[in-house]
There are 2 protein chains.
Amino acid sequence: MDRTDTRSRIQEVALRMFIDKGYEATSLREIAEELGVTKAALYYHFDTKEKIVTSLIDDRIARLEELAEWGRTQPRTPEARREFIRRYADELHQGRHHDTMRFFERNQTALHDHPSSLRMRELMMSLIDMLSEADAPLEEKLKRSMAIFAVHATWFILRDQDVTDEQRQAAGLAVALELVG
Amino acid sequence: MDRTDTRSRIQEVALRMFIDKGYEATSLREIAEELGVTKAALYYHFDTKEKIVTSLIDDRIARLEELAEWGRTQPRTPEARREFIRRYADELHQGRHHDTMRFFERNQTALHDHPSSLRMRELMMSLIDMLSEADAPLEEKLKRSMAIFAVHATWFILRDQDVTDEQRQAAGLAVALELVG
DNA sequence: GTCTATACAACGATAGAC
DNA sequence: GTCTATCGTTGTATAGAC
(Lines give C-alpha, C1' and ligand atoms only; values in the text may rest on other atoms or scores of the structure.)
Protein backbone atom coordinates (compact mmCIF):
# COMPACT_ATOMS: atom_id res chain seq x y z
CA MET A 1 0.00 0.00 0.00
CA ASP A 2 2.62 2.52 1.04
CA ARG A 3 5.99 3.13 -0.55
CA THR A 4 7.70 0.26 1.24
CA ASP A 5 5.18 -2.31 0.09
CA THR A 6 5.51 -1.51 -3.61
CA ARG A 7 9.27 -1.46 -3.25
CA SER A 8 9.26 -4.90 -1.71
CA ARG A 9 6.94 -6.26 -4.39
CA ILE A 10 9.29 -4.98 -7.07
CA GLN A 11 12.19 -6.77 -5.38
CA GLU A 12 10.22 -9.97 -5.09
CA VAL A 13 9.03 -10.08 -8.69
CA ALA A 14 12.37 -8.94 -10.10
CA LEU A 15 14.28 -11.58 -8.15
CA ARG A 16 12.02 -14.36 -9.37
CA MET A 17 12.28 -13.23 -12.98
CA PHE A 18 16.05 -12.74 -12.77
CA ILE A 19 16.35 -16.34 -11.58
CA ASP A 20 13.94 -17.79 -14.14
CA LYS A 21 14.88 -15.88 -17.27
CA GLY A 22 18.18 -14.26 -16.41
CA TYR A 23 19.10 -10.71 -15.45
CA GLU A 24 19.73 -9.29 -18.89
CA ALA A 25 16.84 -11.12 -20.50
CA THR A 26 14.45 -9.59 -17.98
CA SER A 27 13.44 -6.09 -19.03
CA LEU A 28 12.01 -3.42 -16.80
CA ARG A 29 8.95 -3.43 -19.02
CA GLU A 30 8.31 -7.08 -18.20
CA ILE A 31 8.77 -6.53 -14.49
CA ALA A 32 6.38 -3.59 -14.64
CA GLU A 33 3.78 -5.57 -16.59
CA GLU A 34 4.00 -8.46 -14.13
CA LEU A 35 3.30 -5.98 -11.33
CA GLY A 36 0.57 -4.19 -13.23
CA VAL A 37 2.38 -0.86 -13.23
CA THR A 38 4.43 1.06 -15.77
CA LYS A 39 8.17 1.27 -16.25
CA ALA A 40 8.16 4.83 -14.95
CA ALA A 41 6.64 3.64 -11.68
CA LEU A 42 9.65 1.37 -11.21
CA TYR A 43 11.95 4.30 -11.73
CA TYR A 44 10.32 6.10 -8.85
CA HIS A 45 11.49 3.36 -6.46
CA PHE A 46 14.82 2.48 -8.07
CA ASP A 47 17.03 4.90 -9.98
CA THR A 48 18.35 2.17 -12.27
CA LYS A 49 17.94 -1.51 -13.00
CA GLU A 50 21.27 -2.03 -11.25
CA LYS A 51 19.94 -0.55 -8.02
CA ILE A 52 17.32 -3.27 -7.83
CA VAL A 53 20.14 -5.79 -7.83
CA THR A 54 22.05 -3.78 -5.26
CA SER A 55 19.07 -3.78 -2.92
CA LEU A 56 18.76 -7.54 -3.23
CA ILE A 57 22.41 -8.43 -2.78
CA ASP A 58 23.31 -5.96 -0.06
CA ASP A 59 20.98 -7.67 2.39
CA ARG A 60 22.76 -10.93 1.76
CA ILE A 61 26.17 -9.31 2.03
CA ALA A 62 25.36 -7.92 5.48
CA ARG A 63 24.63 -11.40 6.78
CA LEU A 64 27.75 -12.89 5.26
CA GLU A 65 29.84 -10.13 6.77
CA GLU A 66 28.45 -10.97 10.20
CA LEU A 67 29.37 -14.60 9.67
CA ALA A 68 32.84 -13.68 8.46
CA GLU A 69 33.39 -11.52 11.51
CA TRP A 70 32.31 -14.34 13.82
CA GLY A 71 34.57 -16.70 11.92
CA ARG A 72 37.60 -14.52 12.50
CA THR A 73 37.19 -14.86 16.27
CA GLN A 74 37.19 -18.64 16.11
CA PRO A 75 40.09 -21.07 16.54
CA ARG A 76 41.10 -23.26 13.59
CA THR A 77 39.65 -26.42 15.02
CA PRO A 78 37.43 -29.05 13.36
CA GLU A 79 34.56 -28.26 15.70
CA ALA A 80 34.77 -24.52 14.97
CA ARG A 81 34.68 -25.30 11.26
CA ARG A 82 31.64 -27.49 11.70
CA GLU A 83 29.87 -24.76 13.64
CA PHE A 84 30.82 -22.32 10.90
CA ILE A 85 29.19 -24.55 8.29
CA ARG A 86 26.10 -25.04 10.46
CA ARG A 87 25.70 -21.28 10.76
CA TYR A 88 26.22 -20.81 7.05
CA ALA A 89 23.60 -23.42 6.17
CA ASP A 90 21.07 -22.26 8.76
CA GLU A 91 21.22 -18.71 7.64
CA LEU A 92 21.09 -19.58 3.95
CA HIS A 93 17.66 -21.06 4.43
CA GLN A 94 16.12 -18.00 6.02
CA GLY A 95 14.27 -15.21 4.21
CA ARG A 96 15.09 -14.91 0.53
CA HIS A 97 18.80 -15.56 0.92
CA HIS A 98 18.68 -18.83 -0.91
CA ASP A 99 16.94 -17.20 -3.86
CA THR A 100 19.43 -14.37 -3.80
CA MET A 101 22.29 -16.86 -4.03
CA ARG A 102 20.63 -18.71 -6.88
CA PHE A 103 20.25 -15.41 -8.68
CA PHE A 104 23.89 -14.60 -8.01
CA GLU A 105 25.17 -17.99 -9.14
CA ARG A 106 23.13 -18.12 -12.29
CA ASN A 107 23.96 -14.62 -13.50
CA GLN A 108 27.63 -14.37 -12.72
CA THR A 109 28.82 -12.91 -15.98
CA ALA A 110 25.86 -10.55 -16.28
CA LEU A 111 26.71 -9.13 -12.85
CA HIS A 112 30.42 -9.17 -13.48
CA ASP A 113 30.94 -5.41 -13.29
CA HIS A 114 28.42 -4.78 -10.57
CA PRO A 115 29.98 -3.44 -7.33
CA SER A 116 27.75 -5.46 -5.00
CA SER A 117 28.46 -8.57 -7.00
CA LEU A 118 32.18 -7.97 -6.70
CA ARG A 119 31.87 -7.60 -2.92
CA MET A 120 29.86 -10.82 -2.77
CA ARG A 121 32.55 -12.73 -4.63
CA GLU A 122 35.23 -11.38 -2.30
CA LEU A 123 33.18 -12.35 0.73
CA MET A 124 32.54 -15.88 -0.48
CA MET A 125 36.26 -16.30 -1.12
CA SER A 126 37.14 -15.03 2.33
CA LEU A 127 34.65 -17.44 3.91
CA ILE A 128 36.25 -20.27 1.99
CA ASP A 129 39.70 -19.15 3.11
CA MET A 130 38.63 -19.41 6.73
CA LEU A 131 38.15 -23.15 6.38
CA SER A 132 41.86 -23.79 5.80
CA GLU A 133 45.26 -22.59 6.93
CA ALA A 134 47.00 -20.44 4.33
CA ASP A 135 49.79 -22.98 3.94
CA ALA A 136 47.63 -26.09 3.87
CA PRO A 137 48.01 -28.59 1.00
CA LEU A 138 45.92 -27.81 -2.09
CA GLU A 139 43.89 -30.97 -1.71
CA GLU A 140 42.87 -30.07 1.80
CA LYS A 141 41.94 -26.54 0.81
CA LEU A 142 39.85 -27.76 -2.09
CA LYS A 143 38.14 -30.46 -0.08
CA ARG A 144 37.10 -28.05 2.64
CA SER A 145 35.96 -25.47 0.09
CA MET A 146 33.68 -28.07 -1.35
CA ALA A 147 31.72 -27.97 1.91
CA ILE A 148 30.21 -24.62 1.00
CA PHE A 149 29.40 -26.01 -2.44
CA ALA A 150 27.68 -29.03 -0.95
CA VAL A 151 25.28 -26.83 1.01
CA HIS A 152 24.25 -25.15 -2.24
CA ALA A 153 24.54 -28.06 -4.62
CA THR A 154 22.13 -30.26 -2.70
CA TRP A 155 19.31 -28.10 -4.07
CA PHE A 156 19.92 -28.76 -7.72
CA ILE A 157 21.78 -32.07 -7.65
CA LEU A 158 18.97 -33.90 -5.93
CA ARG A 159 16.42 -31.84 -7.85
CA ASP A 160 14.41 -34.63 -9.46
CA GLN A 161 14.48 -36.90 -6.45
CA ASP A 162 11.36 -37.57 -4.41
CA VAL A 163 12.56 -35.88 -1.24
CA THR A 164 11.43 -33.08 1.02
CA ASP A 165 13.27 -29.79 1.41
CA GLU A 166 14.26 -30.86 4.90
CA GLN A 167 15.87 -34.07 3.65
CA ARG A 168 17.71 -32.17 0.94
CA GLN A 169 18.95 -29.65 3.47
CA ALA A 170 20.03 -32.36 5.90
CA ALA A 171 21.97 -34.21 3.21
CA GLY A 172 23.78 -31.04 2.18
CA LEU A 173 24.71 -30.25 5.75
CA ALA A 174 25.87 -33.79 6.46
CA VAL A 175 28.17 -33.92 3.45
CA ALA A 176 29.49 -30.44 4.20
CA LEU A 177 30.27 -31.32 7.81
CA GLU A 178 32.12 -34.41 6.70
CA LEU A 179 34.19 -32.39 4.23
CA VAL A 180 35.45 -29.92 6.82
CA GLY A 181 36.55 -32.75 9.04
CA MET B 1 42.48 -17.84 -44.70
CA ASP B 2 39.72 -20.07 -46.05
CA ARG B 3 36.19 -20.39 -44.77
CA THR B 4 37.07 -22.78 -41.97
CA ASP B 5 39.74 -20.51 -40.54
CA THR B 6 37.48 -17.48 -40.20
CA ARG B 7 34.77 -19.67 -38.75
CA SER B 8 37.14 -20.99 -36.13
CA ARG B 9 38.38 -17.52 -35.28
CA ILE B 10 34.82 -16.36 -34.74
CA GLN B 11 34.25 -19.27 -32.35
CA GLU B 12 37.44 -18.52 -30.48
CA VAL B 13 36.81 -14.80 -30.02
CA ALA B 14 33.12 -15.25 -29.24
CA LEU B 15 33.85 -17.89 -26.62
CA ARG B 16 36.39 -15.69 -24.87
CA MET B 17 34.06 -12.69 -24.86
CA PHE B 18 31.09 -14.77 -23.71
CA ILE B 19 33.16 -15.93 -20.75
CA ASP B 20 34.59 -12.51 -19.91
CA LYS B 21 31.57 -10.26 -20.38
CA GLY B 22 28.67 -12.68 -20.56
CA TYR B 23 26.65 -13.98 -23.47
CA GLU B 24 23.96 -11.31 -23.59
CA ALA B 25 26.33 -8.46 -22.87
CA THR B 26 28.44 -9.45 -25.88
CA SER B 27 27.02 -8.02 -29.07
CA LEU B 28 27.75 -9.28 -32.56
CA ARG B 29 29.05 -5.82 -33.34
CA GLU B 30 31.71 -6.20 -30.63
CA ILE B 31 32.72 -9.66 -31.81
CA ALA B 32 33.02 -8.37 -35.36
CA GLU B 33 35.09 -5.36 -34.25
CA GLU B 34 37.41 -7.58 -32.24
CA LEU B 35 37.98 -9.69 -35.35
CA GLY B 36 38.36 -6.70 -37.62
CA VAL B 37 35.39 -7.66 -39.78
CA THR B 38 31.80 -6.48 -40.01
CA LYS B 39 28.66 -7.89 -38.49
CA ALA B 40 27.50 -9.02 -41.91
CA ALA B 41 30.62 -11.17 -42.23
CA LEU B 42 29.62 -13.02 -39.08
CA TYR B 43 26.21 -13.69 -40.51
CA TYR B 44 27.80 -15.38 -43.46
CA HIS B 45 29.28 -18.05 -41.17
CA PHE B 46 26.53 -18.30 -38.59
CA ASP B 47 22.83 -17.75 -39.26
CA THR B 48 22.21 -16.37 -35.78
CA LYS B 49 24.02 -15.55 -32.57
CA GLU B 50 22.53 -18.72 -31.12
CA LYS B 51 24.18 -20.86 -33.78
CA ILE B 52 27.60 -19.72 -32.58
CA VAL B 53 26.71 -21.14 -29.17
CA THR B 54 25.39 -24.30 -30.76
CA SER B 55 28.65 -24.86 -32.61
CA LEU B 56 30.61 -24.45 -29.38
CA ILE B 57 28.47 -26.63 -27.17
CA ASP B 58 27.76 -29.44 -29.62
CA ASP B 59 31.41 -30.38 -29.75
CA ARG B 60 31.44 -30.73 -25.97
CA ILE B 61 28.16 -32.67 -25.99
CA ALA B 62 29.57 -35.24 -28.41
CA ARG B 63 32.44 -36.01 -26.03
CA LEU B 64 30.18 -36.27 -23.02
CA GLU B 65 27.89 -38.62 -24.89
CA GLU B 66 30.84 -40.89 -25.62
CA LEU B 67 31.74 -40.90 -21.95
CA ALA B 68 28.14 -41.58 -20.94
CA GLU B 69 28.00 -44.50 -23.35
CA TRP B 70 31.21 -45.95 -21.95
CA GLY B 71 29.86 -45.45 -18.45
CA ARG B 72 26.76 -47.46 -19.17
CA THR B 73 28.87 -50.52 -19.98
CA GLN B 74 30.69 -50.39 -16.66
CA PRO B 75 29.91 -52.20 -13.41
CA ARG B 76 28.95 -50.12 -10.35
CA THR B 77 32.23 -50.62 -8.56
CA PRO B 78 34.47 -48.07 -6.84
CA GLU B 79 37.26 -48.68 -9.36
CA ALA B 80 34.92 -48.16 -12.31
CA ARG B 81 33.75 -44.90 -10.76
CA ARG B 82 37.32 -43.76 -10.29
CA GLU B 83 38.14 -44.56 -13.90
CA PHE B 84 35.02 -42.67 -14.92
CA ILE B 85 36.22 -39.58 -13.04
CA ARG B 86 39.72 -39.92 -14.49
CA ARG B 87 38.29 -39.98 -18.00
CA TYR B 88 36.05 -37.03 -17.27
CA ALA B 89 38.93 -34.96 -15.91
CA ASP B 90 41.37 -35.95 -18.66
CA GLU B 91 38.99 -35.05 -21.39
CA LEU B 92 37.93 -31.78 -19.79
CA HIS B 93 41.46 -30.48 -20.11
CA GLN B 94 41.78 -31.09 -23.81
CA GLY B 95 41.00 -28.57 -26.55
CA ARG B 96 38.64 -25.81 -25.55
CA HIS B 97 36.34 -28.01 -23.50
CA HIS B 98 37.28 -26.37 -20.26
CA ASP B 99 36.49 -22.95 -21.67
CA THR B 100 33.24 -24.23 -23.07
CA MET B 101 32.22 -25.47 -19.64
CA ARG B 102 33.18 -22.18 -18.03
CA PHE B 103 31.03 -20.41 -20.61
CA PHE B 104 28.19 -22.81 -19.92
CA GLU B 105 28.41 -22.48 -16.13
CA ARG B 106 28.65 -18.72 -16.10
CA ASN B 107 25.77 -18.10 -18.47
CA GLN B 108 23.21 -20.60 -17.30
CA THR B 109 20.19 -18.36 -17.27
CA ALA B 110 21.13 -16.65 -20.51
CA LEU B 111 21.28 -20.06 -22.20
CA HIS B 112 18.23 -21.37 -20.42
CA ASP B 113 16.04 -21.78 -23.50
CA HIS B 114 18.81 -22.88 -25.79
CA PRO B 115 18.35 -26.45 -27.11
CA SER B 116 22.03 -27.38 -26.89
CA SER B 117 22.19 -26.00 -23.39
CA LEU B 118 19.23 -28.13 -22.38
CA ARG B 119 20.89 -31.23 -23.78
CA MET B 120 24.08 -30.37 -21.90
CA ARG B 121 22.22 -30.10 -18.61
CA GLU B 122 20.53 -33.45 -19.21
CA LEU B 123 23.87 -35.06 -20.02
CA MET B 124 25.59 -33.70 -16.93
CA MET B 125 22.72 -34.99 -14.81
CA SER B 126 22.92 -38.43 -16.38
CA LEU B 127 26.68 -38.55 -15.77
CA ILE B 128 26.06 -37.69 -12.13
CA ASP B 129 23.39 -40.38 -11.90
CA MET B 130 25.91 -42.96 -13.04
CA LEU B 131 27.96 -42.44 -9.91
CA SER B 132 25.26 -43.78 -7.59
CA GLU B 133 22.61 -46.46 -7.43
CA ALA B 134 19.10 -45.08 -7.89
CA ASP B 135 18.10 -46.14 -4.39
CA ALA B 136 21.26 -44.96 -2.62
CA PRO B 137 20.96 -42.65 0.41
CA LEU B 138 20.79 -38.93 -0.42
CA GLU B 139 24.05 -38.24 1.35
CA GLU B 140 25.89 -40.79 -0.73
CA LYS B 141 24.39 -39.47 -3.94
CA LEU B 142 25.31 -35.91 -3.08
CA LYS B 143 28.82 -36.79 -1.99
CA ARG B 144 29.57 -38.64 -5.20
CA SER B 145 28.04 -35.88 -7.29
CA MET B 146 30.43 -33.47 -5.67
CA ALA B 147 33.25 -35.32 -7.41
CA ILE B 148 32.32 -33.78 -10.76
CA PHE B 149 32.13 -30.39 -9.06
CA ALA B 150 35.57 -30.82 -7.55
CA VAL B 151 37.13 -31.32 -10.97
CA HIS B 152 35.66 -28.00 -12.08
CA ALA B 153 35.86 -26.06 -8.83
CA THR B 154 39.59 -26.53 -8.46
CA TRP B 155 40.04 -23.93 -11.20
CA PHE B 156 38.34 -21.06 -9.47
CA ILE B 157 38.63 -22.04 -5.81
CA LEU B 158 42.39 -22.14 -5.88
CA ARG B 159 42.45 -19.21 -8.31
CA ASP B 160 44.65 -16.80 -6.39
CA GLN B 161 47.06 -19.41 -5.12
CA ASP B 162 50.58 -19.65 -6.39
CA VAL B 163 50.24 -22.98 -8.11
CA THR B 164 50.65 -24.41 -11.59
CA ASP B 165 47.79 -25.67 -13.71
CA GLU B 166 49.09 -29.19 -13.24
CA GLN B 167 48.96 -28.90 -9.45
CA ARG B 168 45.46 -27.48 -9.62
CA GLN B 169 44.37 -30.29 -11.87
CA ALA B 170 45.95 -32.93 -9.66
CA ALA B 171 44.26 -31.56 -6.55
CA GLY B 172 40.87 -31.58 -8.27
CA LEU B 173 41.32 -35.14 -9.42
CA ALA B 174 42.53 -36.33 -6.02
CA VAL B 175 39.56 -34.87 -4.18
CA ALA B 176 37.17 -36.18 -6.81
CA LEU B 177 38.58 -39.71 -6.59
CA GLU B 178 38.25 -39.66 -2.83
CA LEU B 179 34.62 -38.55 -3.08
CA VAL B 180 33.56 -41.42 -5.33
CA GLY B 181 34.98 -43.93 -2.96
C1' DG C 1 33.77 -14.15 -48.46
C1' DT C 2 33.27 -9.59 -47.07
C1' DC C 3 31.44 -5.18 -47.54
C1' DT C 4 28.00 -0.73 -46.91
C1' DA C 5 23.74 0.53 -45.68
C1' DT C 6 19.71 -0.01 -43.44
C1' DA C 7 15.33 -1.96 -41.28
C1' DC C 8 12.95 -2.50 -37.20
C1' DA C 9 12.21 -3.83 -32.43
C1' DA C 10 13.42 -3.37 -27.76
C1' DC C 11 16.28 -1.54 -24.41
C1' DG C 12 17.18 1.70 -20.23
C1' DA C 13 16.07 6.03 -18.91
C1' DT C 14 13.79 10.84 -18.61
C1' DA C 15 10.26 14.79 -18.79
C1' DG C 16 6.35 16.50 -17.28
C1' DA C 17 1.19 15.95 -16.41
C1' DC C 18 -1.93 14.34 -12.91
C1' DG D 1 3.09 7.41 -6.60
C1' DT D 2 1.89 6.47 -11.08
C1' DC D 3 0.93 7.83 -15.60
C1' DT D 4 1.79 8.85 -21.03
C1' DA D 5 4.97 9.94 -24.24
C1' DT D 6 9.30 9.99 -25.95
C1' DC D 7 14.43 10.23 -26.08
C1' DG D 8 18.81 8.19 -27.69
C1' DT D 9 21.08 3.88 -28.14
C1' DT D 10 21.82 -0.67 -29.15
C1' DG D 11 20.30 -5.11 -30.41
C1' DT D 12 19.71 -8.85 -34.17
C1' DA D 13 19.16 -9.45 -38.73
C1' DT D 14 18.78 -8.52 -43.95
C1' DA D 15 19.46 -6.69 -48.90
C1' DG D 16 22.32 -6.14 -52.35
C1' DA D 17 26.97 -4.43 -54.27
C1' DC D 18 31.60 -6.06 -54.99
Side-chain angles (χ1 to χ4, degrees), chain A residues 1-58 103 106-107 109-117, chain B residues 1-57 103 106-117:
Chain A
M1 208 62 78
D2 60 4
R3 180 199 146 102
T4 309
D5 179 63
T6 301
R7 208 185 130 89
S8 183
R9 280 176 61 229
I10 293 172
Q11 289 177 318
E12 194 180 322
V13 167
L15 180 55
R16 202 189 63 237
M17 295 181 82
F18 289 163
I19 292 173
D20 290 345
K21 313 190 7 158
Y23 173 68
E24 308 227 41
T26 303
S27 67
L28 295 175
R29 183 181 52 75
E30 288 171 306
I31 297 173
E33 271 172 16
E34 186 80 13
L35 282 163
V37 297
T38 61
K39 263 199 297 180
L42 259 57
Y43 275 99
Y44 174 80
H45 293 280
F46 297 97
D47 291 348
T48 63
K49 189 184 180 185
E50 244 193 44
K51 290 255 171 99
I52 301 178
V53 174
T54 307
S55 75
L56 290 168
I57 294 192
D58 283 1
F103 161 56
R106 297 177 68 166
N107 291 278
T109 54
L111 301 176
H112 195 258
D113 296 327
H114 194 290
S116 290
S117 172
Chain B
M1 207 59 81
D2 59 3
R3 179 198 147 102
T4 309
D5 178 63
T6 301
R7 207 185 131 90
S8 182
R9 280 177 63 231
I10 292 172
Q11 290 177 317
E12 195 180 321
V13 167
L15 180 55
R16 203 189 64 239
M17 295 181 82
F18 289 163
I19 292 173
D20 291 345
K21 314 191 3 157
Y23 173 68
E24 307 227 41
T26 304
S27 67
L28 295 175
R29 183 180 53 73
E30 287 171 307
I31 297 172
E33 270 172 17
E34 185 80 14
L35 281 163
V37 299
T38 61
K39 267 196 296 180
L42 260 56
Y43 276 99
Y44 173 80
H45 293 282
F46 297 96
D47 292 347
T48 64
K49 190 184 180 187
E50 244 194 42
K51 289 256 172 97
I52 301 178
V53 174
T54 306
S55 75
L56 291 168
I57 294 192
F103 160 56
R106 298 177 67 166
N107 292 278
Q108 285 210 49
T109 55
L111 300 177
H112 195 258
D113 296 327
H114 195 290
S116 290
S117 172

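Chain identifiers are assigned alphabetically (A, B, ...) following the order of the sequence lines, protein sequences preceding nucleic acid strands; residue numbering begins at 1 within each chain.
Note that OG1 of B:T54 and CG of B:L111 are 9.5 Å apart. Values are rounded to the nearest 0.5 Å. With rounding to the nearest 0.5 angstrom, the CD atom of A:E33 is 10.5 Å from the OG1 atom of A:T38.
The two residues B:T109 and A:F18 come nearest to each other via the heavy atoms CG2-O, 4.1 Å. Between A:L42 and A:L35 the shortest heavy-atom distance is CD1-CD1, 4.3 Å. Contact detail for A:Y23 and A:K49: the closest heavy-atom pair is O-NZ, 2.9 Å. Minimum interatomic distance between B:T26 and B:K21 (heavy atoms only, all atoms of both residues): OG1-CB, 3.8 Å. Taking each heavy atom of B:K39 and B:A32 in turn, the nearest pair found is N-CB, 3.6 Å.
Regarding B:L42, its CG atom lies at a distance of 14 Å from the C1' atom of D:dG11, rounded to whole Å. At whole-Å resolution of the value, CD1 in B:I10 and C1' in C:dT2 are 11 Å apart. Distance A:E24 CD to D:dT12 P: 11 Å, rounded to the nearest Å. Here the P atom of nucleotide D:dG11 and the CD1 atom of B:I31 are 10 Å apart, to the nearest Å. Whole-Å rounding puts the A:L35 CG to D:dG1 P distance at 15 Å. Here C:dT2 presents its P atom at 13 Å from CZ of B:R7, a figure rounded to the nearest Å. C:dG12 atom P lies 9 Å from atom CD1 of A:I52, rounded to whole Å.
Side-chain nitrogen and oxygen atoms of A:R29 include none within less than 4.0 Å of the OP1 or OP2 phosphate oxygen of C:dA10. At the phosphate of C:dG1, OP1 or OP2 sits under 4.0 Å from a side-chain N or O atom of B:Y44. For C:dT2, neither phosphate oxygen OP1 nor OP2 lies less than 4.0 angstrom from any side-chain nitrogen or oxygen of B:T38.
B:H112 places no side-chain N or O within 3.5 Å of a backbone atom of A:G22 that could act as its donor or acceptor partner.
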Inset, instruction - Would you check, one step at a time, whether the test salt bridge (Lys or Arg N to Asp or Glu O under 4.0 Å) holds for A:R16 with A:E12? - result: CA-CA 6 Å; A:R16 202 189 63 237; A:E12 194 180 322; 5.8 Å; no

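In terms of position on DNA chain C, the residue among A:Y23 and B:V37 whose nearest nucleotide sits closer to the 5' end is B:V37. Toward the 5' end of DNA chain C, the nearer of the two residues A:S27 and B:A41, judged by each one's closest nucleotide, is B:A41.
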Polar atom pairs (N or O), protein with nucleotides 13-15 of chain C, under 3.5 Å:
residue : atom : partner : partner atom : Å
C:dA13  : OP2  : A:Y43   : OH           : 3.0
C:dA13  : OP2  : A:K49   : N            : 3.0
C:dA13  : O5'  : A:Y43   : OH           : 3.3
C:dA13  : N6   : A:K39   : NZ           : 2.8

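Between its two ends, the helix from C:dG1-D:dC18 to C:dC18-D:dG1 turns its axis by 10°, counting five pairs per end and rounding to 10 degrees.
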